[in-house]
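Worksheet: one structure, shown below.
From a predicted model like this one, the values you see are computed outputs, not experimental measurements.
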Amino acid sequence: MDFKKVKTVLTIAGSDSSGGAGIQADLKTMTSYKLFGMSAITAITAQNTVGVQSSLTIEPDMLKAQLTSVCQDILPDAVKIGMVANTEQVKVIVEIIDKYLKEKPIVLDPVITSTSGFTLVPEETIEFMKKNLFGRSIVITPNLIEAGYLYKEKIDNLEKMKEAAKALGEEYKCGVLVKGGHLLNSKDDVLYYDSNLYVISGENVNNPNTHGTGCTLSSAIACELALGKNLLDAIKGGKNYLTGAIKYGLNLGSGRGPVYHMYNLKEIKNAN
């Protein structure tokens, strides 16, 4: 038998029972890239396209066991970090990074606020992440609300995005991708990396079903990095993948539905 190897990507995030975001969206994205996805779950949620009904935080010892088990056997080529529930979990992730993942590209999607601006994790956890996890990441990927929270100013236009990306990047010594998905007339993103600012154009797709887009984009960027792309090209590739997933036009659920992660794979006809 001709044995094969493929690139591997690890996601550290919460589980979305409806499959549109979190761990499920991450693994679907990795599969669409034809890479081997692995996971460490930080929280279990009962949620759907309408909202989150319940959640259960994973104990730090169990998170550490998941991460250690993966890293001791199949060391990932890239890592995506999504929702982290508390400071103890962040401490575990930092310990694992320093022990196993120092040379691996880490994409951090700082899930700290809801679309309405509600803070999802304790303030002390956010502060600990800023001091200990941002600088260990090649890039963080806040949306406008999250970037505004971190920058402590409202961000609603391209110039403010540039200001925030540069300021945050210089403060935390990492790449910063401020996502413009909430802009009204544009879907452009701004990247600050290695002392340079880049505007990454995006297509404004008329589709309200965007549940899990942040998870999907950060995972796609991690996949592109695992394949050897530089950060700018990885972000452009990930953004193109996400745009295709939105443009597919999937319509599931009665609320803000998910995108279709497998749009780029060969379709299989449903059996009658």
So, are Lys80 and Asp26 salt-bridged, with charged N and O less than 4.0 Å apart? yes
Show the nearest heavy-atom pair for residues Ile155 and Gly148, with the distance to one decimal. CD1-N, 3.5 Å
Suppose we screen for salt bridge (Lys or Arg N to Asp or Glu O under 4.0 Å). Which residues come up paired with Lys64, at least two apart in sequence or across chains? Glu95
State whether the side chain of Asn209 and the backbone N or O of Arg256 hold a donor-acceptor pair below 3.5 Å, judged by distance alone. no
Tell me, do Val84 and Val121 make a side-chain contact under 4.5 Å, heavy atoms counted? no
Spacing of Leu250 atom CG and Met262 atom CE [to the nearest 0.5 Å]: 8.5 Å
Are Ile112 and Val94 joined in one hydrophobic group, where the rule is that I, L, V, M, F, W and Y side chains link up if heavy atoms are under 4.5 Å apart? yes
Begin with the C-alpha distance, continue with both residues' side-chain angles, and end with the deciding distance and a verdict on ring pair (Phe, Tyr, Trp, His ring centres under 6.0 Å) for Tyr260 and Tyr248. CA-CA 7 Å; Tyr260 191 53; Tyr248 184 88; 4.5 Å; yes
Exam field: side chain Tyr263 to backbone Tyr241, donor-acceptor pair closer than 3.5 Å: yes
Shortest non-hydrogen separation from Thr45 to Ser15 and the atoms involved: OG1-O, 2.5 Å
Polar contact flag, side-chain donor to acceptor under 3.5 angstrom, Thr87-Thr125: yes
Does anything in residues 126-139 form a side chain to side chain donor-acceptor pair (under 3.5 Å)? List the pairs, not counting sequence neighbours. Asp98-Arg136, Glu127-Lys130
Which value, rounded to the nearest 0.5 Å, describes the distance between Asn206 atom CG and Glu203 atom CD? 11.0 Å
So if you build clusters from Ile, Leu, Val, Met, Phe, Trp, Tyr with side-chain heavy-atom gaps below 4.5 Å, do Leu75 and Leu63 land together? yes
Under a 4.5 Å cut-off applied to non-hydrogen side-chain atoms, are Met161 and Leu144 in contact? yes
Taking His261's backbone N and O only, do any of them form a donor-acceptor pair with Ser32's side chain (distance below 3.5 Å, no angle check)? yes
Closest heavy-atom pair and its distance - Tyr33, Cys223: CG-CB, 3.7 Å
Tell me if a side-chain donor or acceptor on Lys173 pairs with a main-chain N or O of Glu170 at a distance below 3.5 Å. yes
Take Gln66 and Ile41, measure what side chain to side chain contact (heavy atoms under 4.5 Å, CB included) needs, and give me the verdict at the end. CA-CA 8 Å; Gln66 294 178 77; Ile41 299 175; 3.9 Å; yes
Ignoring hydrogens and angles, tell me if any N or O in the side chain of Ser69 forms a donor-acceptor pair with the backbone of Ala65 under 3.5 Å. no
Euclidean distance, Cys71 SG relative to Leu101 CG, rounded to 0.5 Å: 4.5 Å
Please check this pair: side chain of Ser18 against backbone of Thr49, looking for a donor-acceptor N/O pair closer than 3.5 Å. no
Is the shortest heavy-atom distance from the side chain of Thr141 to the side chain of Leu108 under 4.5 Å? no
Lys/Arg N to Asp/Glu carboxylate O, Asp109 vs Lys179, below 4.0 Å: yes
Nearest 0.5 Å, what's the CD1-CG distance between Ile126 and Leu133? 12.5 Å
Residues clustered with Ile246, ILVMFWY side-chain links under 4.5 angstrom: Val107, Ile138, Val139, Leu177, Leu191, Tyr193, Tyr198, Ile200, Val205, Leu217, Ile221, Leu225, Leu231, Leu232, Ile235, Leu242, Val259
Within 45° of the ring axis of Phe128 and under 6.0 Å from its six-membered ring centre, is that where the NZ or CZ of Lys91 lies? yes
Begin with the C-alpha distance, continue with both residues' side-chain angles, and end with the deciding distance and a verdict on side chain to side chain contact (heavy atoms under 4.5 Å, CB included) for Gln47 and His211. CA-CA 11 Å; Gln47 67 173 287; His211 178 57; 3.5 Å; yes
Within the 4.5 Å heavy-atom criterion, are Gln89 and Ile58 side-chain neighbours or not? yes
Closest heavy-atom pair and its distance - Ala85, Pro122: O-CD, 3.6 Å
About how many Å separate SG of Cys215 and CG of Asp16, when rounded to the nearest 0.5 Å? 8.0 Å
Heavy-atom closest contact (Ala165 atom, Val190 atom, distance): CB-CG1, 4.0 Å
I'd like to know if Glu163 and Lys160 make a salt bridge, using a cut-off of under 4.0 Å between side-chain N and carboxylate O. yes
Name the orientation class of the two ring planes belonging to Phe134 and Tyr172 (parallel below 30°, tilted from 30 to 60°, perpendicular beyond 60°). perpendicular
Establish, from distance only, whether the side-chain atoms of Tyr100 and Gln72 form a donor-acceptor pair under 3.5 Å. yes
With no hydrogens and no angle check, is any side-chain donor or acceptor of Gln53 less than 3.5 Å from a backbone partner on Gly51? yes
Would you say that Leu67 contacts Val92 through its side chain, given a criterion of any heavy-atom pair below 4.5 Å between the two side chains? yes
Between Thr213 and Thr210 (side chain of the first, backbone of the second, donor and acceptor by atom type, cut-off under 3.5 Å), is there such a pair? yes
So do the side chains of Met38 and Thr11 get within less than 4.5 Å of each other, counting heavy atoms only? no
Between Gln24 and Gly20 (side chain of the first, backbone of the second, donor and acceptor by atom type, cut-off under 3.5 Å), is there such a pair? no
Go through it in stages, so that I can follow the logic: the residues are Val79 and Val9, the test is side chain to side chain contact (heavy atoms under 4.5 Å, CB included), and I'd like the CA-CA distance, side-chain angles, deciding distance and then a yes or no. CA-CA 6 Å; Val79 180; Val9 184; over 6 Å; no
Interatomic spacing from CD1 in Ile23 to OG in Ser219 - rounded to 0.5 Å: 8.5 Å
Whether over 12 other heavy atoms sit under 6.0 Å from Lys247 NZ: no
Are the side chain of Asn196 and the backbone of Asp194 linked by a donor-acceptor contact shorter than 3.5 Å? yes
Could you go through the side chain to side chain contact (heavy atoms under 4.5 Å, CB included) check for Leu197 and Val199 one step at a time? CA-CA 7 Å; Leu197 273 170; Val199 176; over 6 Å; no
What are the two closest non-hydrogen atoms of Gly19 and Lys28, and how far apart are they? O-NZ, 2.9 Å
